[in-house]
Protein chains: 2
Amino acid sequence: MANPTIKDVAKMANVSIATVSLVVHNHRRISQETKDKVLAIIEKLNYHPSPNARGLVRRKSGNIGFVLTDDHFLRTEPFYTHIFMGTEFEAHENEFYILLTTVAAKFKITDPLPRFILERNVDGLIIAGKVPLPFINRLSKATFPIIFVDYSPYDKKYSCVLVDNIKGGELATSHLIEYGHKKIAFIGGDIEHPSIKDRLNGYKNAIEKSGLELDENIIDIKEDYPGRTNGYNAAERLFKKDKAITAVFSCNDAMAVGAIQYMKDNGIRIPEDCSIIGFDDVVSDNAIEPALSTVRVPKMEMGTEAMKLMAHMLKNNTKENKKVLAPVELIIRESTRRICL
Amino acid sequence: MANPTIKDVAKMANVSIATVSLVVHNHRRISQETKDKVLAIIEKLNYHPSPNARGLVRRKSGNIGFVLTDDHFLRTEPFYTHIFMGTEFEAHENEFYILLTTVAAKFKITDPLPRFILERNVDGLIIAGKVPLPFINRLSKATFPIIFVDYSPYDKKYSCVLVDNIKGGELATSHLIEYGHKKIAFIGGDIEHPSIKDRLNGYKNAIEKSGLELDENIIDIKEDYPGRTNGYNAAERLFKKDKAITAVFSCNDAMAVGAIQYMKDNGIRIPEDCSIIGFDDVVSDNAIEPALSTVRVPKMEMGTEAMKLMAHMLKNNTKENKKVLAPVELIIRESTRRICL
DNA sequence: CATGCTAAGTTAAACGTTTAACTAAACGCT
DNA sequence: AGCGTTTAGTTAAACGTTTAACTTAGCATG
């Protein structure tokens, strides 16, 4: 049979379609005997309930929307791709489908919303990374749960899964201090981005806690987009200004790679002359020379965590406001070294 | 009203629900007058037909499955991500939703199929990149159209959108020959991959057409996965074997980047000592120094093309077997230079 | 032995559309 | 006037589920 329906199963099992439905849901009203009989036939016919029919009566789509900006999705480091994979995996576990859509990074308040929102074809929304505020504001009257991952503009209102960026910043900076470095530069972009701001705060915390003096001159946060080219530019400014820098903490791996490029081009050896540590752990397979020390972010886990939260809310029909902090981990590779006196 | 249905619209417009439906489909049986009236109310109530209800009666899900392997999806260069974006865009145009799922690169014949296939929750399938044969074989009795992008294992059976790899290989190699190079190496991985094989064939064609002699010694296809590290390794083998190489054609940008790394590490200047050209054009924003000449592949366009084909098949209910060749384009940047005698 | 309870189902309405088949009015022709 | 055709709708069945309300038989209880 092409597409067996519940009727086919019912007829073959000599029961009503209601019974089949109850068997599918493992309802206790049905005897084990009947269950076994029906289950066998379901198996035999390869019956799967129609998502449309089910959705119609349940008034649920069974879909979760996953939104991020186009430039995040297309960026070279597969950061959000990993998050998506985590979400997709966990969605599978919970029998949800994921509808992935990008929104323009410069979404305007008059732009159309993703179709699945207009058509109410999602039961919930997971938003990954920084998305434009006009977009979020358009969502204010949404009736379904919304969860943010790696970004949280209105944290009173929505649940979110965030990286422990402050901790990560502290970890990276303390690691460099531990290694004897005194002049530790910070490279960052888009300081309005909460993640980058927090990483910088972690940096400052660690510097202060250690008794070192905070030197604003070796904090470069002039760039906007935290990518390779801008990492290169930031490093250039930094080293032209101050030759005595012996370590760099870059707000992410992408900028770190750019900075490394600058150092290589200018005869600054890593880690002999200068140590550098990144954040995110996205370039491990990239044959970056030397291997980049970094702060690992559990990307997949963040995706699964968001989906778990979502599934929980949907199952219990609650709209809670939970904040999950994903743990970070210091990864020491070859780009950081104890300072040689 | 929370979720207006066709009934709400009908009641408010004083027409039957059938009329509303016909208006939505712009059926010519309805007078312009009535259409205007109903349309105004649809607008006012912000009515959108329920995908579930519609899908139920049409016996269509309105969804298209998009499948690729996990390692392709997670690879550093956003090649397939661009293809997906193209597909997603065109899906939007045609009012389809995309369900993205990865399959394991080592999918076994007994592994479960993606859920949307079991539940018949897709009207068609787009498969991007090389996916395991066991997976494809499990699809043999599928009743929905399947389209391959950038891969085509059973090209008699399925439609596909392919890169004109032979042409691209010729273009890249001819470009180097044109620039006076005589000793042009080829770097490739996984020669079983049709794309890589064709790029190599293009290389061979161009060499032969030019009257140069084909030298198998400077063709390195020992590596498996065509990534950076392996590009580095391949370049190492090549240059240790033959110092006289003045140009390299890498089967893709990722391996080219690895090869560039090797050359830099070993004092081979680009392009002064050696020219190099890649394929795919995925590193343009990466601050690779020098900027990499390459063969551009219209990634987004391939995605849209696949979705256009799919929409066409689905609308006309035909199962055609079409092969689309996406055009390639030579991009000359700074990594290739006319040879200096 | 009438009564209530439990176990194991079944019946039927509802979910929100689409569309074939029907209707009713208006018009044109002979 | 009678008939056919066109126009502009309406009616009602169908799509494949879920689930509240109902049924029926068997059993225990006072």
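Numbered from 1 within each chain, the chains take letters A, B, ... in sequence-line order. All heavy atoms count here, side chains included; hydrogens, waters and symmetry mates do not.
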S.K.: Treating A:Asn94 as the side-chain partner and A:Glu90 as the backbone partner, does any N or O pair qualify as donor plus acceptor under 3.5 Å?
M.R.: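 Yes.
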
S.K.: When you measure from the side chain of B:Lys141 to the backbone N and O of B:Arg138, does any donor-acceptor pair fall under 3.5 Å?
M.R.: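 Pair found, side chain donor or acceptor close to backbone of B:Arg138.
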
S.K.: Could you tell me whether a side-chain N or O of B:Arg115 sits under 3.5 Å from a main-chain N or O of A:Glu95, the two making a donor and an acceptor?
M.R.: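 Answer holds: yes.
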
S.K.: Which heavy atom in B:Met302 sits nearest to a heavy atom in B:Leu162, and how many Å separate them?
M.R.: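 Result for this residue pair: CE-C, 4.1 Å.
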
S.K.: Do the side chain of B:Asp8 and the main chain of B:Thr5 share a donor and acceptor less than 3.5 angstrom apart?
M.R.: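 Yes: the side chain of B:Asp8 pairs with the backbone of B:Thr5.
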
S.K.: So, does A:His27 use its side chain to make a donor-acceptor pair with the main chain of A:Arg29 at under 3.5 Å?
M.R.: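 Judged by distance alone, yes, a pair lies under 3.5 Å.
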
S.K.: Please give me the minimum heavy-atom distance between B:Tyr158 and B:Ser140, naming the atom from each residue.
M.R.: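 Answer, listing the atom of B:Tyr158 first, then B:Ser140: OH-CA, 4.2 Å.
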
S.K.: With heavy atoms under 4.0 Å as the rule, sort A:Ser16 into base, sugar-phosphate or nothing.
M.R.: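 Contact class for A:Ser16: base.
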
S.K.: Return the 5'-most residue of the pair B:Asn52, B:Ala18 with respect to DNA chain C, ranking by each residue's nearest nucleotide.
M.R.: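 Final value for this comparison: B:Asn52.
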
S.K.: Report yes if the distance between the aromatic ring centroids of B:Phe66 and B:Phe84 is under 6.0 Å, otherwise no.
M.R.: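 Yes.
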
S.K.: Identify the 5'-most and 3'-most nucleotides of DNA chain D with at least one atom closer than 4.0 Å to a non-hydrogen atom of chain A.
M.R.: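 Listing 5' to 3', DNA chain D meets chain A from D:dC15 to D:dA21.
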
S.K.: Among residues 34-44 of chain A, which residues get a heavy atom nearer than 4.0 Å to DNA chain D?
M.R.: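 Hits under 4.0 Å, by residue number: none.
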
S.K.: What pair of heavy atoms forms the shortest contact from A:Asn321 to A:Lys157, and how long is it?
M.R.: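 Smallest interatomic distance, heavy atoms only, reads ND2-N, 3.6 Å.
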
S.K.: Please list, by residue number, the residues of residues 53-63 of chain A whose heavy atoms come closer than 4.0 Å to an atom of DNA chain C; answer none if no residue qualifies.
M.R.: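 Per residue number, the list reads A:Leu56, A:Val57, A:Arg59.
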
S.K.: Say whether, by atom type as modelled, one donor and one acceptor occur between the side chain of A:Lys299 and the main chain of A:Val297 under 3.5 angstrom.
M.R.: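 Yes, A:Lys299 side chain to A:Val297 backbone: donor-acceptor pair under 3.5 Å.
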
S.K.: Is a donor on one side and an acceptor on the other found under 3.5 Å between the side chain of A:Ser21 and the backbone of A:Ile17?
M.R.: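 Such a contact is absent between A:Ser21 side chain and A:Ile17 backbone.
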
S.K.: Applying a 4.0 Å non-hydrogen cut-off, can you work out what B:Thr19 is touching in the nucleic acid: base, sugar-phosphate, or nothing?
M.R.: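 Since a base atom lies under 4.0 Å of B:Thr19, the category is base.
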
S.K.: Mapping A:Arg29 and A:Val24 onto DNA chain D by nearest heavy atom, which one lands closer to the 5' end?
M.R.: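 Per heavy-atom nearest nucleotide, the more 5' residue is A:Val24.
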
S.K.: Just checking A:His48: base, sugar-phosphate only, or nothing, at a heavy-atom cut-off of under 4.0 Å?
M.R.: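 It contacts sugar-phosphate atoms only.
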
S.K.: NA contact type, A:Ser31, heavy-atom cut-off 4.0 Å: base, sugar-phosphate, or nothing?
M.R.: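 Touches sugar-phosphate only.
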
